[in-house]
Amino acid sequence: AGKHKTPMVDYLWDLRTTARKQEEQRRQKETEKALAHRAMEATSAQMKGKSPSESFTQITYPFSTDSLFREKYINPWGTIRVGRIVEDLDALAGTIAFRHSKHSSEVNEECILVTASIDRIIL
């Protein structure tokens with residue numbers, strides 16, 4: 001893995017970093033008038049809220065096709081390291097919360113993300 005414990009956590013953090021960079025680049029190109037207009041739209045969107053489907057995220061572990069990836073998640077007894085999966089779920093929850101709280105005219109640099117829900121885990 002890169003700077004985190006698992007490749008999936010690296011991947012999820014890279015998604016957030018890329019999203020932030022893209023948002024910052026977009027904002028730099030807009031005029032002050034467009035920013036004011038988008039701020040009004042964002043306020044309106046916040047009041048309406050979002051449905052869960054608007055921030056839906058799905059990840060797939062390539063255990064059957066990537067032996068190096070699989071090794072990061074297998075313990076010495078040949079079974080899944082559930083703690084690694086839970087660690088990834090924590091990072092995934094942060095990614096989903098980031099997407100769900102993001103509005104088109106905001107940068108979420110000061111956004112505080114809390115809580116998540118898991119419907120099921122299929123191993």
Side-chain angles (χ1 to χ4, degrees):
K3 56 189 168 192
H4 299 98
K5 291 183 181 179
T6 69
M8 191 58 70
V9 173
D10 283 338
Y11 170 74
L12 292 168
W13 274 105
D14 287 345
L15 282 178
R16 289 187 220 177
T17 300
T18 299
R20 278 195 177 125
K21 286 179 183 178
Q22 288 173 347
E23 183 67 20
E24 289 169 3
Q25 289 171 356
R26 184 193 61 75
R27 287 189 68 153
Q28 290 172 356
K29 294 177 183 178
E30 291 184 343
T31 64
E32 290 298 319
K33 182 178 178 183
L35 285 174
H37 178 70
R38 288 184 181 258
M40 289 179 10
E41 288 177 347
T43 301
S44 175
Q46 285 175 331
M47 292 169 54
K48 292 178 186 175
K50 286 185 177 180
S51 71
S53 64
E54 291 179 78
S55 55
F56 175 82
T57 304
Q58 180 176 332
I59 59 172
T60 303
Y61 287 86
F63 291 137
S64 63
T65 59
D66 187 340
S67 61
L68 293 175
F69 186 91
R70 184 175 50 245
E71 286 178 22
K72 295 284 186 183
Y73 293 87
I74 301 295
N75 65 26
W77 298 276
T79 59
I80 291 285
R81 291 180 175 207
V82 177
R84 287 272 165 107
I85 301 291
V86 173
E87 182 180 352
D88 291 351
L89 286 173
D90 182 48
L92 178 61
T95 299
I96 293 168
F98 177 82
R99 286 182 181 172
H100 195 76
S101 64
K102 183 176 173 278
H103 291 287
S104 62
S105 66
E106 296 180 8
V107 175
N108 291 46
E109 296 200 29
E110 294 187 30
C111 184
I112 297 173
L113 307 174
V114 180
T115 203
S117 172
I118 299 171
D119 294 330
R120 66 177 174 231
I121 298 175
I122 301 172
L123 297 177

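Between the NZ atom of K21 and the CD atom of Q25 there is a distance of 8.5 Å, given to the nearest 0.5 Å.
Every residue meeting the side-chain hydrogen bond (donor to acceptor under 3.5 Å, both in side chains) condition with Y61, not counting sequence neighbours, appears here in chain and number order: D88. Under the side-chain contact (heavy atoms from CB on, under 4.5 Å) criterion, L92 pairs with L12, T57, I59, L89, I96, not counting sequence neighbours. For D90, there are no side-chain contact (heavy atoms from CB on, under 4.5 Å) partners at least two apart in sequence or on another chain. Evaluation of the side-chain contact (heavy atoms from CB on, under 4.5 Å) rule for Q58 yields F56, T60 as partners, not counting sequence neighbours.
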Distance-only donor-acceptor hits, side chain of residues 62-70, under 3.5 Å, sequence neighbours excluded:
from	atom 1	to	atom 2	distance (Å)
D66	OD1	L68	N	3.2
D66	OD1	F69	N	3.0
R70	NH1	F63	O	2.2

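Of all the heavy atoms in N75 and R81, the pair that sits closest is CA-NE, 3.5 Å. Across all non-hydrogen atoms, the minimal contact from P7 to K72 is CD-CG, 4.0 Å.
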With side-chain contact (heavy atoms from CB on, under 4.5 Å) as the criterion, how do T79 and I74 come out once you've worked through the C-alpha distance, each side chain's angles and the decisive distance to 0.1 Å? CA-CA 5 Å; T79 59; I74 301 295; over 6 Å; no
